[in-house]
**Student:** 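Quick one: structure below, then a few questions.
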Protein chains: 2
Amino acid sequence: METAPVVDLETLRRNCANCSLRQLCLPAGIVASDVERLDRVVKRRKPVARGEHLFRVGSGAARIYVAREGSFKTVACSADGEQQVIGFHLPGELIGLDALGHGQHRCDAIALENARVCEVPLEELHHVAAQVPGLQRQLLRVIGRSMGRDQDHLEMMSRRQANDRVMLFLHSLSQRFETLGQDGSAFALPMTREDIGSYLGLVIETVSRSFTKLQDDGVIAVRGRQVRLLQQRQIADAVHGHALH
Amino acid sequence: METAPVVDLETLRRNCANCSLRQLCLPAGIVASDVERLDRVVKRRKPVARGEHLFRVGSGAARIYVAREGSFKTVACSADGEQQVIGFHLPGELIGLDALGHGQHRCDAIALENARVCEVPLEELHHVAAQVPGLQRQLLRVIGRSMGRDQDHLEMMSRRQANDRVMLFLHSLSQRFETLGQDGSAFALPMTREDIGSYLGLVIETVSRSFTKLQDDGVIAVRGRQVRLLQQRQIADAVHGHALH
DNA sequence: CGGGAAATTGAGTACGTTCAACGTTAGTGG
DNA sequence: CCACTAACGTTGAACGTACTCAATTTCCCG
């Protein structure tokens with residue numbers, strides 16, 4: 001138990017109105033009084049440790065989550081136990097939308113680092129959204145952005161050359177870090193090479209070789225999980241299909 | 001121009017309450033009086049001819065569409081003009097969600113056959129959804145199903161073997177036809193081999209060879225676009241990862 | 001019936017996978 | 001604080017599958 005003043009500070013620091021992700025999250029574009037109503041249905045969950053599951057395949061979809069600190073991966077499991085990483089979720093990005101369709105999660109969500117999430121009960125969100133017109137729109141916008149990232153993923157998978165896939169991947173991450181107000185040209189990968197390989201449909205060795213190749217070509221600098229994009233122009237060109245050969 | 005009685009029949013046949021797709025579409029689970037309110041904002045569009053665009057990259061996202069008769073493909077265009085089929089849309093399935101995120105369509109939508117769509121202005125849908133709680137939920141369910149199909153697509157792309165991709169593709173189509181109340185074990189592909197190849201990340205020759213191989217193995221029977229699934233068990237096994245070797 | 005697109009088939013090549021060995025990093029306990 | 005260990009990552013050589021290029025056949029629509 002804590003004394004009253006401390007609780008207040010904690011509350012203040014933690015609610016939507018004061019969240020650094022506010023612009024990216026559900027409250028964006030909603031007037032202060034309505035943010036308060038939204039805030040009341042958002043549960044702050046205790047931290048999720050690295051490697052811990054946020055939810056699992058088959059569990060009900062009573063809530064959606066927003067990564068608040070730390071990033072997550074979602075992993076689809078075939079019946080035979082083969083796994084595939086289908087998404088990475090940086091702070092401000094929604095997790096758990098996969099269950100909207102049939103009420104059951106189709107994938108596992110696992111924390112890539114020690115993380116923290118906001119938890120939004122769907123039923124209560126519906127109630128608030130019905131009363132706050134802007135929230136409904138914003139919910140669809142956020143869902144739409146999530147679908148856009150899925151489409152980006154698909155575009156990566158459709159590239160024939162492993163190098164192109166990796167460049168697209170780095171470009172996508174770069175943009176998302178910049179959206180978070182961080183440096184998009186130098187960042188730490190929160191995931192392993194194995195995760196990247198699974199996400200891109202490549203084996204780990206190929207990912208490793210691609211990183212090495214891109215470094216040799218002077219396009220990026222890699223050291224472990226630390227990455228710097230040296231020739232953003234070249235990467236952007238590859239993204240737009242003007243291949244380098 | 002038509003005489004009054006004919007118009008009435010047309011109207012009756014065309015509105016949501018009498019649509020054969022009702023169970024799959026936005027009205028599902030909404031009481032009759034509310035269906036009427038939804039119905040009032042749904043515009044029936046004049047038929048879309050085979051090969052015609054429903055919308056194009058960059059156009060605003062004022063509306064979403066539901067395929068009513070005939071199917072569609074959505075095609076993403078890289079800046080260099082390279083195209084990739086990112087989705088097929090059978091009757092009852094939503095088209096145009098790709099613009100929810102940023103208000104602009106990221107792909108072209110093209111009719112694969114002479115088709116007909118329902119057109120739903122987003123702004124008006126928001127209004128009705130705010131008043132009809134069930135509609136909001138149903139909209140999210142339909143969106144969720146659409147995301148589920150995207151995830152299925154991704155799972156196809158992640159398969160290493162071309163045969164597996166094609167089998168997953170046929171399985172997915174089969175299920176969707178059955179949802180429509182049609183025969184899931186024998187159907188006509190609405191799209192070309194080229195479309196299939198683009199969708200699966202394979203060249204057209206590989207798609208052709210896979211069809212031939214699957215036919216030689218007795219798994220399917222193909223003749224042009226007419227397909228029959230002979231060993232659904234084997235296909236289901238492949239889908240679940242128990243490869244055939 | 002003719003023309004053009006769609007689909008099939010064949011041979012050679014390129015790229016990523018597989019299998020295997022080695023290096024490196026980070027987290028743990030003595 | 002350092003040694004130890006296991007997970008993570010890199011590099012190399014041989015192989016296999018899908019791609020490329022090219023020729024031919026089938027199908028569909030006017």
Side-chain angles (χ1 to χ4, degrees), chain A residues 49-52 73 82-85 110-114 156-170 188-217 220-227 238 243-245, chain B residues 49-51 73 82-85 110 112-114 156-170 188-217 220-227 238 243-245:
Chain A
R50 175 161 162 274
E52 200 179 305
K73 64 176 173 183
E82 216 167 310
Q83 301 199 330
Q84 145 131 33
V85 174
I110 301 164
L112 291 171
E113 41 203 336
N114 293 331
M156 288 177 215
M157 297 287 283
S158 74
R159 295 301 175 104
R160 301 267 147 78
Q161 305 290 336
N163 274 2
D164 285 356
R165 292 196 201 175
V166 172
M167 275 197 278
L168 248 67
F169 173 68
L170 292 175
L189 301 168
M191 70 293 283
T192 67
R193 297 286 193 272
E194 180 119 41
D195 288 335
I196 298 173
S198 176
Y199 183 72
L200 294 179
L202 301 169
V203 295
I204 186 173
E205 295 96 324
T206 305
V207 174
S208 187
R209 277 186 253 267
S210 278
F211 275 117
T212 305
K213 174 79 161 53
L214 289 173
Q215 177 156 246
D216 290 348
D217 292 352
I220 63 174
V222 200
R223 187 176 162 72
R225 298 199 180 178
Q226 210 63 39
V227 179
L244 316 168
H245 307 292
Chain B
R50 177 161 162 271
K73 65 176 173 183
E82 216 167 313
Q83 301 197 329
Q84 145 132 30
V85 174
I110 300 166
L112 292 171
E113 40 203 336
N114 293 330
M156 288 177 217
M157 298 287 284
S158 74
R159 295 302 175 103
R160 300 267 148 79
Q161 305 291 333
N163 276 1
D164 286 355
R165 292 196 202 176
V166 172
M167 276 196 279
L168 249 67
F169 173 67
L170 292 175
L189 300 168
M191 69 294 282
T192 68
R193 299 284 194 274
E194 180 118 40
D195 287 335
I196 297 173
S198 176
Y199 183 72
L200 294 179
L202 302 169
V203 294
I204 185 173
E205 296 96 324
T206 305
V207 175
S208 188
R209 277 187 252 268
S210 279
F211 274 117
T212 305
K213 174 79 162 54
L214 290 174
Q215 177 155 246
D216 290 347
D217 293 351
I220 64 173
V222 200
R223 185 174 163 73
R225 297 199 180 176
Q226 210 62 39
V227 179
L244 315 169
H245 306 292

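Just so we're clear, the structure is a prediction, and the values are computed from it rather than from any experiment. A, B, ... follow the sequence lines: proteins, then strands. Residue 1 opens every chain. Only heavy atoms go into these numbers, but all of them, side chains included; no hydrogens, no water, no symmetry mates.
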**Student:** Starting at CD of A/Glu194 and ending at P of D/dT10, how long is that distance when rounded to a whole Å?
**Tutor:** 13 Å

**Student:** Taking side-chain hydrogen bond (donor to acceptor under 3.5 Å, both in side chains) as the test, write out the residues that go with A/Asn114, two or more places apart.
**Tutor:**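 Not a single residue meets the side-chain hydrogen bond (donor to acceptor under 3.5 Å, both in side chains) criterion with A/Asn114.
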
**Student:** Under 3.5 Å, which N/O atoms of the protein pair with N/O atoms of nucleotides 22-27 of chain C?
**Tutor:**
unit_1	atom_1	unit_2	atom_2	d
C/dT25	OP1	A/Arg223	NH2	2.9

**Student:** Does D/dA18 have OP1 or OP2 sitting under 4.0 Å from an N or O in the side chain of B/Gln161?
**Tutor:** yes

**Student:** Applying side-chain hydrogen bond (donor to acceptor under 3.5 Å, both in side chains), can you list everything that pairs with A/Asp195, at least two apart in sequence or on another chain?
**Tutor:**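 A/Asp195 satisfies side-chain hydrogen bond (donor to acceptor under 3.5 Å, both in side chains) with A/Lys73, A/Thr192 only.
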
**Student:** Could you identify which residues of residues 201-212 of chain B place a heavy atom less than 4.0 Å from some atom of DNA chain D, listed by residue number, or say none?
**Tutor:** B/Gly201, B/Leu202, B/Val203, B/Glu205, B/Thr206, B/Arg209

**Student:** How bent is the helix from C/dC1-D/dG30 to C/dG30-D/dC1, comparing axes over its five end pairs at each side, to the nearest 10°?
**Tutor:** 50°

**Student:** Testing the basics here: between A/Met167 and A/Ala238, what is the closest heavy-atom pair and its distance to 0.1 Å?
**Tutor:**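 Closest approach of A/Met167 to A/Ala238, heavy atoms only: CE-CB, 3.6 Å.
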
**Student:** Rounded to the nearest Å, what distance is computed from the CG atom of residue B/Leu200 to the P atom of nucleotide D/dA18?
**Tutor:** 12 Å

**Student:** So which heavy atom on B/Leu168 is nearest to which on B/Met156, and how close?
**Tutor:**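 Smallest interatomic distance, heavy atoms only, reads CB-CG, 3.6 Å.
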
**Student:** List for me each residue that meets side-chain hydrogen bond (donor to acceptor under 3.5 Å, both in side chains) alongside B/Glu113, sequence neighbours excluded, and say none if there are none.
**Tutor:**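 With sequence neighbours excluded, B/Glu113 shows a side-chain hydrogen bond (donor to acceptor under 3.5 Å, both in side chains) to B/Ser71, given in chain and number order.
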
**Student:** Using the test side-chain hydrogen bond (donor to acceptor under 3.5 Å, both in side chains), find all partners of A/Glu52 that sit at least two apart in sequence or belong to another chain.
**Tutor:** none

**Student:** Pull out every protein N or O sitting under 3.5 Å from an N or O of nucleotides 3-5 of chain C, one pair per line with the distance.
**Tutor:**
none

**Student:** For A/Asn163 and C/dG16, what is the distance between atoms CG and P respectively, to the nearest whole Å?
**Tutor:**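 After rounding, the reported distance stands at 7 Å.
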
**Student:** When the distance from CG of A/Asp195 to P of D/dG9 is rounded to whole Å, what number comes out?
**Tutor:** 9 Å

**Student:** Rounded to whole Å, how long is the line connecting atom CD of B/Glu113 with atom P of D/dC28?
**Tutor:**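 Computing the B/Glu113:CD to D/dC28:P distance gives 14 Å.
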
**Student:** At their closest point, which heavy atom of B/Arg225 faces which heavy atom of B/Met191, and how far apart are they?
**Tutor:**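 Taking every non-hydrogen atom into account, NE-O, 3.7 Å.
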
**Student:** Report the distance from atom CZ of A/Arg193 to atom C1' of D/dT11, rounded to the nearest whole Å.
**Tutor:**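 It is 14 Å, rounded to the nearest whole Å.
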
**Student:** If you measure from the Lys or Arg side-chain nitrogens to the Asp or Glu carboxylate oxygens, is any gap between A/Asp164 and A/Arg160 under 4.0 Å?
**Tutor:** no

**Student:** B/Asn114 CG to D/dC29 P: how many Å, rounded?
**Tutor:** 10 Å

**Student:** Is atom CZ of B/Arg50 surrounded by more than 12 heavy atoms (other residues, nucleotides or ligands) closer than 6.0 Å?
**Tutor:**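 Counting neighbours around CZ of B/Arg50, 12 or fewer heavy atoms of other residues, nucleotides or ligands fall under 6.0 Å, so no.
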
**Student:** Name each donor-acceptor pair under 3.5 Å that joins a side chain in residues 196-211 of chain A to protein atoms two or more places apart or in another chain, with its distance.
**Tutor:**
unit_1	atom_1	unit_2	atom_2	d
A/Ser198	OG	A/Val85	N	2.8
A/Ser210	OG	A/Asn163	OD1	2.9
A/Ser210	OG	A/Thr206	O	3.3

**Student:** Ignoring hydrogens and geometry, is there a side-chain-to-backbone donor-acceptor pair from A/Gln215 to A/Ala221 under 3.5 Å?
**Tutor:**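 Not at all, since once roles are kept as given, no pair shorter than 3.5 Å links the two residues.
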
**Student:** For A/Arg165, is there any backbone N or O sitting under 3.5 Å from a side-chain donor or acceptor partner on A/Arg159?
**Tutor:** no

**Student:** Have a look at A/Arg225 and say if it touches a base, only the backbone sugar-phosphate, or nothing, with a 4.0 Å heavy-atom cut-off.
**Tutor:** sugar-phosphate

**Student:** Mind calculating the distance between CG (B/Asp216) and C1' (C/dT9) to the nearest angstrom?
**Tutor:** 12 Å

